Amino acid sequence: MSLMIMATVVALALCFAPAMGAAATVSARRPLRGNDTLVSAQGRFELGLFSPAGSSGDRFYLGIWYKNIPGQTVIWVGNRASPLSGLASAELRVSADDGNLELVGPTGASASPVVVWSSNRSSSSSLSSSPGSNTAEIRNDGNLVLVDGGNYSNVLWQSFDHPTDTHVPGAWIGENKLTGEYQTLTSWRNAQDPAPGMFTDIIDPNGTSEFFYMWNRSRAYWRSGVWTGQIFERLPDATESITSYEETPAYRRLTNVITDNATITRLVLDLTGQAKLYIWVPATQSWQLFWSAPTMQCEVYALCGAFGVCEHRSQLPCRCPPGFAPVSEEDWTLSDWSGGCRRSSPLTCAHNVSMMDGFLALPDMKLPDGSLAVGAAQSKAECESTCQNSCSCQAYAFSSGGGGCTVWHGEIRNLEQLYADSGVSGSELHLRLSQEGLDILHGADSKKRERTLWFVLGIPFAGVATLGASVILAWRFLLARRRRLASMEYEKGSSLTVYSYEDLRATTKNFSERLGGGSFGSVYRGVLKRHEGDNAIQVQVAVKKLEGLGGQQGDKQFRAEVSTLGLIQHVNLVRLLGFCSSGDEKMLVYEYIPRGSLDRYLFDDGGMNLSWRERYRIMIGVAKGLAYLHHGCHECIIHCDIKPENILLDEDMSPRIADFGMAKLVRRDFSHALTTMRGTIGYLAPEWISGQPINAKADVYSFGMVLFELISGRRNSKGYSEVEAIGSESSDSWTFFPVWVAGKVMEGEVSAVIDSRLRGNVTPEELERACWVACWCIQDEEARRPSMAQVVQALEGVVQVHAPPVPPALQHLVTLT
Ligand SMILES: *[C@@H]1O[C@H](CO)[C@@H](O)[C@H](O)[C@H]1NC(C)=O
Ligand SMILES: *[C@@H]1O[C@H](CO)[C@@H](O)[C@H](O)[C@H]1NC(C)=O
Ligand SMILES: *[C@@H]1O[C@H](CO)[C@@H](O)[C@H](O)[C@H]1NC(C)=O
Ligand SMILES: *[C@@H]1O[C@H](CO)[C@@H](O)[C@H](O)[C@H]1NC(C)=O
Ligand SMILES: *[C@@H]1O[C@H](CO)[C@@H](O)[C@H](O)[C@H]1NC(C)=O
Ligand SMILES: *[C@@H]1O[C@H](CO)[C@@H](O)[C@H](O)[C@H]1NC(C)=O
Ligand SMILES: *[C@@H]1O[C@H](CO)[C@@H](O)[C@H](O)[C@H]1NC(C)=O
């Protein structure tokens with residue numbers, strides 16, 4: 001028996017020894033010192049001591065990062081909460097006493113080296129026969145492992161059992177049922193401090209397969225839903241192919257299975273409390289955000305700390321209400337908002353009437369939880385005095401509807417600014433402020449009012465008298481802008497500019513230069529003058545005069561819907577700059593995209609030929625833009641009219657989707673919209689014709705049709721005679737091009753469908769991927785079509801595309817047109 005064991009040991013040692021020799025390891029004899037690093041065998045990951053980017057470089061942590069990705073992306077940190085203060089005597093070594101991996105070095109408190117981190121296996125549980133000969137290595141999946149010196153296949157400790165804030169393929173989060181240890185992701189405290197922060201991703205301690213994102217380890221703000229056998233109930237379908245759940249007697253865990261070694265992905269629970277899945281895109285040398293959960297920033301519980309207000313429309317998620325300031329400005333600049341806000345002037349809570357605290361009304365708020373209902377208070381005044389009479393009362397809300405009077409004691413968390421114009425109006429929260437605090441605010445307010453007053457009316461005299469020469473300069477500046485100001489305003493709560501009809505008529509030289517006509521009206525070129533300091537720069541814009549809205553679209557409704565469109569920004573979407581709503585005249589002002597629409601490049605004989613590389617980039621870009629509309633926005637936006645005419649090309653030939661949100665704007669007259677879209681019937685999914693409800697999969701269908709056109713360089717729905725020429729054998733009956741293509745793809749004759757103008761200059765794998773994705777997209781049954789997020793993954797080669805099923809019968813669609 002013992003002989004056999006010996007033999008195994010020797011065999012194993014022989015097997016592993018060469019590998020161990022090749023890859024550098026840490027052992028008792030060979031510690032890792034100072035800024036030395038250890039690199040995994042295939043060179044993907046690197047282990048060493050690092051100082052967080054942007055920090056003053058006086059704190060050092062043991063970490064693992066990608067070796068070949070510029071800018072250090074750290075996936076694991078050992079001594080999260082106990083940094084070293086220098087590198088000089090720092091050492092990662094295997095302890096000769098108990099065989100643990102340990103980090104020693106100077107700390108602020110002690111100049112002589114101390115153990116700041118250890119793999120911390122108690123020697124009693126260690127099965128290692130000769131602890132002193134244990135070795136540690138970094139594997140190519142990013143796992144730092146400590147193996148038994150006497151038995152290399154005995155892993156004593158591994159970093160995958162102790163994740164930080166990042167989950168990489170091959171690692172797991174879950175529970176070790178034997179030891180009761182959990183593998184959780186916990187966010188960093190702030191951008192420069194890896195110490196455990198507020199947010200944790202943990203498997204349900206009650207034993208189900210569900211994952212929770214918890215605030216302060218106590219309150220769940222997002223849940224994955226349970227594992228159904230294929231997916232987690234509440235995770236988007238896009239993650240179906242990459243997440244997996246396993247339960248054995250020893251553990252239950254979520255793993256991330258990317259079968260493709262060439263793709264680099266990571267999931268990080270970041271400072272905003274959102275888990276974000278990133279994919280490394282070598283072409284752009286950047287991490288591309290693939291999805292995040294929760295989708296909306298403000299769904300993260302108490303992100304902005306006590307009294308902080310979360311606002312999804314602003315660049316920074318958190319702000320303090322008027323009369324409040326961040327508890328720590330420094331933390332806020334490092335993206336740690338958890339400290340929240342405090343009153344700039346403390347409450348007096350005096351019963352002396354002249355010193356009494358007052359209340360500031362905050363409209364459209366999502367009310368915080370932890371409220372107490374006060375049944376006795378029947379009016380707003382009674383409610384206010386109830387709060388006034390208790391020193392711990394911080395705020396009240398009163399609704400004459402069902403709500404009645406509610407008050408809040410102690411710190412208020414999870415405040416969120418809502419917007420009536422986006423359809424979710426909140427309640428009015430009355431926040432208690434000291435009289436002094438209110439006076440300061442009112443002072444500031446009245447000053448602001450004065451300023452706006454003379455700004456608009458243009459009466460400089462009072463200002464000149466009091467404010468002196470600087471006002472004269474300001475006035476000259478104002479004079480130059482006065483005409484503009486008189487007719488333009490910024491739409492409240494968004495970055496859109498409101499234009500008058502006259503403005504846009506002047507801008508477009510009386511609508512003289514028509515760029516094109518879409519389904520919902522004509523587009524004209526215009527030139528706006530924008531002032532930046534003393535310089536006026538000219539900006540080209542595209543002005544779309546909407547048709548077919550008639551009088552049915554109310555001004556308020558129109559403004560509300562356009563405002564939500566103004567929030568949508570993505571590199572592959574055309575940006576909306578402003579609008580005009582004057583009576584029946586409704587116009588949208590877009591940024592001008594110089595190269596015009598894709599159809600001109602693709603189908604015009606004289607048009608410039610697009611290379612395969614350009615075409616493939618366009619495919620991915622359009623897919624990303626659509627994926628953003630479908631999954632990335634607050635509300636799913638279905639484009640409804642994807643076709644080459646609505647895909648514009650930027651200077652560098654990257655695509656921008658135009659006309660998104662139109663379907664929503666015109667929904668009150670949808671039959672009209674449908675009629676105007678007749679011309680594009682070749683792109684419409686069967687459910688349009690059969691009258692079933694339309695969802696995002698309708699866009700997927702149209703996208704599939706566009707893919708075919710990008711591949712073949714010809715229109716799907718036009719020039720059937722040309723198609724006859726291609727399908728020459730059956731010239732007596734024409735074939736709808738996609739049907740013919742799908743057939744060829746099924747037969748494996750992918751190259752037969754390619755645009756002859758490319759002269760075979762294509763990347764075969766990309767061509768096959770594009771063809772297969774296109775066939776999947778045009779499936780009759782919506783459920784079989786992939787989501788746009790999956791399409792992006794498939795085109796980027798992140799996931800494998802399987803051969804599509806037998807092509808759908810598209811024929812009936814054609815006979816309808
Ligand atoms: C490592 O540290 C030494 C001295 O502390 C320094 O000279 C050397 O440039 C450092 N190497 C790297 C790669 O940072
Ligand atoms: C090691 O584990 C013990 C308990 O098992 C704990 O008290 C101690 O803080 C740990 N030490 C380190 C360095 O993690
Ligand atoms: C080596 O370790 C593995 C994994 O723990 C174990 O299954 C095996 O029995 C060990 N071999 C010896 C000779 O102890
Ligand atoms: C776990 O179960 C207990 C008792 O059934 C329940 O009170 C608790 O809310 C559960 N926890 C979670 C996170 O579901
Ligand atoms: C977080 O939880 C800890 C105890 O679990 C508590 O002491 C601390 O006050 C909590 N933090 C906040 C901001 O509530
Ligand atoms: C990925 O790499 C690992 C280790 O290098 C190898 O074992 C595995 O077979 C590779 N998988 C694929 C799909 O190439
Ligand atoms: C009430 O406040 C005023 C103004 O601060 C002060 O003069 C007065 O003495 C106070 N009265 C009492 C009873 O505290």
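By convention here, the first residue in the shown sequence is residue 1. Computed over heavy atoms, backbone and side chain alike; hydrogens, waters and symmetry mates excluded. Quick caveat, the model's predicted, so the values are computed rather than measured. For ligands, and for the atoms within them, numbers begin at 1 and follow the listed sequence.
- The number of heavy-atom neighbours closer than 6.0 Å to CD of Q158, taken from other residues, nucleotides and ligands shown, is above 12.
- At a heavy-atom distance under 4.0 Å, only side-chain atoms of N151, from C-beta outward, approach ligand 3.
- Relative orientation of the Y61 and F50 rings is tilted, given thresholds of 30° and 60° on the angle between their planes.
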Please give the N or O to N or O pairs under 3.5 Å between ligand 5 and the protein, distances rounded to 0.1 Å.
| from | atom 1 | to | atom 2 | distance (Å) |
| --- | --- | --- | --- | --- |
| ligand 5 | 2 (O) | N216 | OD1 | 3.3 |
| ligand 5 | 2 (O) | N216 | ND2 | 2.4 |
| ligand 5 | 11 (N) | N216 | ND2 | 2.8 |

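- At distances below 3.5 Å, at least one donor-acceptor pair connects side-chain atoms of D357 with backbone N or O atoms of C349.
- For the two cysteine residues C298 and C310, the thiol sulfurs sit under 2.5 Å apart.
- With sequence neighbours excluded, the residues forming a side-chain hydrogen bond (donor to acceptor under 3.5 Å, both in side chains) with R343 are Q394, listed by chain and number.
- Separating the CG atom in L62 from the CG atom in N79 is a distance of 6.0 Å, to the nearest 0.5 Å.
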